[in-house]
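Have a look at the structure below, then the notes.
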Amino acid sequence: MTGKVRAVFDCNVFLQALISPGGPAGSCVALSFQGEVALFCTTHIIEELRRTTSDPRIRAKFTRITDAAVAAIIQNIERVAHFLPRVPATFTYERDPDDAHYVNVALAAKAKYVVSRDKDLLDLMDRSRPEAREFRRRFPTLEIIEPQQLLREFTPKP
């Protein structure tokens with residue numbers, strides 16, 4: 001695992017990978033499945049993925065999300081991810097308490113990134129916001145980024 005980018009993907013990154021395997025989120029998930037990214041996860045994240053992908057409205061809208069596709073992505077996550085059995089609640093997020101789990105997993109794993117498209121999480125990187133400045137002060141080594149930003153880490157520099 002030395003030298004690999006350490007990351008936590010939020011549930012929606014996995015969901016987007018199911019919907020569009022060739023898109024940015026799908027490419028990030030593929031990098032983790034290929035061992036290029038050290039992926040950190042918890043059973044809580046897997047349970048959220050199962051709940052989200054079993055929602056009939058999601059299934060009706062995105063026909064690529066099938067029982068077989070969900071089972072395959074979860075099996076691959078379980079194959080490659082480093083699962084943390086306990087995650088201390090170091091960070092709380094009043095604006096969206098559920099999002100705090102991803103940050104706490106990243107902090108416990110000493111990950112460099114939380115990869116997300118969730119506006120509540122991404123706003124923690126917006127230095128014009130007081131809560132973001134406080135977040136950066138407390139956790140200067142953690143970044144919350146979109147999938148495209150993670151992919152840039154793997155783009156050869158000219």
Side-chain angles (χ1 to χ4, degrees), residues 1-54 58 62 64-91 93 96 98-127 132 135-136 138-158:
M1 186 168 35
T2 348
K4 290 184 187 176
V5 173
R6 300 166 73 94
V8 174
F9 296 165
D10 82 2
C11 175
N12 286 323
V13 170
F14 295 121
L15 179 65
Q16 291 166 357
L18 284 166
I19 295 166
S20 180
S27 297
C28 288
V29 170
L31 284 171
S32 73
F33 291 170
Q34 295 160 6
E36 298 296 320
V37 172
L39 180 64
F40 292 85
C41 197
T42 63
T43 55
H44 176 84
I45 296 170
I46 296 296
E47 289 164 9
E48 182 180 1
L49 180 59
R50 280 193 175 107
R51 273 192 316 276
T52 303
T53 57
S54 66
I58 299 283
F62 303 107
R64 283 183 180 260
I65 300 175
T66 63
D67 290 344
V70 172
I73 199 168
I74 289 173
Q75 182 178 37
N76 278 315
I77 294 166
E78 290 173 338
R79 178 179 58 81
V80 301
H82 305 273
F83 275 79
L84 304 179
R86 285 191 308 272
V87 176
T90 306
F91 172 72
Y93 197 25
D96 192 341
D98 291 340
D99 287 344
H101 182 72
Y102 295 105
V103 171
N104 286 318
V105 173
L107 292 170
K110 295 179 177 50
K112 181 175 183 180
Y113 299 124
V114 172
V115 181
S116 176
R117 284 204 176 116
D118 183 297
K119 181 160 177 37
D120 291 321
L121 281 170
L122 291 167
D123 277 352
L124 290 171
M125 295 291 100
D126 180 354
R127 293 182 189 273
F135 182 87
R136 299 301 295 159
R138 287 183 64 200
F139 313 112
T141 61
L142 179 60
E143 293 180 53
I144 301 168
I145 62 171
E146 293 188 66
Q148 297 90 323
Q149 291 170 276
L150 180 65
L151 294 176
R152 281 189 213 113
E153 290 254 340
F154 295 89
T155 305
K157 312 291 185 269

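For the numbers below, each heavy atom of this structure counts, side chains included, while hydrogens, waters and symmetry mates do not.
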Which atom pairs, donor and acceptor, lie under 3.5 Å between side-chain atoms of residues 106-113 and protein residues at least two apart or in another chain?
from, atom 1, to, atom 2, distance (Å)
Tyr113, OH, Glu153, OE2, 2.2

Do any side-chain atoms of residues 17-38 form donor-acceptor pairs under 3.5 angstrom with protein atoms, and if so which ones, sequence neighbours left out?
from, atom 1, to, atom 2, distance (Å)
Ser27, OG, Gly23, O, 3.0
Ser32, OG, Val29, O, 2.7

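Closest heavy-atom contact between Ile144 and Leu121: CD1-O, 3.5 Å. Here the shortest heavy-atom pairing between Glu146 and Leu122 reads CG-CD1, 3.7 Å. The minimum heavy-atom distance linking Leu150 with Ile145 is given by the pair N-CD1, 3.6 Å. Among all heavy-atom pairs drawn from Phe83 and Glu78, the shortest one is CE1-CA, 3.7 Å.
With sequence neighbours excluded, the residues that form a side-chain contact (heavy atoms from CB on, under 4.5 Å) with Thr52 are Cys11, Leu15, Glu48. Here Thr42 pairs with His101 under the side chain to side chain donor-acceptor pair (under 3.5 Å) rule; sequence neighbours left out. When the ring-ring contact (aromatic ring centres under 6.0 Å, His included) test is applied to Phe135, the partners found at least two apart in sequence or on another chain are Phe91, Phe139. Residues satisfying the side chain to side chain donor-acceptor pair (under 3.5 Å) criterion with Glu143, sequence neighbours excluded, are absent altogether. For Arg79, the side chain to side chain donor-acceptor pair (under 3.5 Å) test picks out Asn76, with sequence neighbours left out. With sequence neighbours left out, Tyr102 forms a ring-ring contact (aromatic ring centres under 6.0 Å, His included) with no residue at all. Under the rule for a salt bridge (Lys or Arg N to Asp or Glu O under 4.0 Å), Asp96 has no partner lying at least two apart in sequence or in another chain. Among residues two or more places apart in sequence or in another chain, the side-chain contact (heavy atoms from CB on, under 4.5 Å) test is passed with Asp126 by Ser128, Arg129.
Contacts classified as salt bridge (charged side-chain N to carboxylate O under 4.0 Å, His left out) and involving residues 65-77 (residues at least two apart or in different chains) are given here: Arg59-Asp67.
Side-chain contact between Val5 and Phe154: present, with at least one pair of heavy atoms (C-beta onward) separated by less than 4.5 Å. Put simply, the side chain of Leu124 does not reach to within 4.5 Å of the side chain of Val114, judged on heavy atoms. By the 4.5 Å heavy-atom criterion applied to side chains, Tyr93 and Asp120 are counted as neighbours.
For the atom pair OG1 (Thr43) and CG (Leu49), the distance works out to 12.5 Å, reported to the nearest 0.5 Å. Asn104 contributes atom CG, which lies 11.0 Å from atom CG of Asp99 (distance to the nearest 0.5 angstrom). Distance check, rounded to the nearest 0.5 Å: CZ of Arg136 to CG of Leu142 gives 7.5 Å. Between the CD1 atom in Ile74 and the CD1 atom in Ile46 there is a gap of 5.5 Å [rounded to 0.5 Å].
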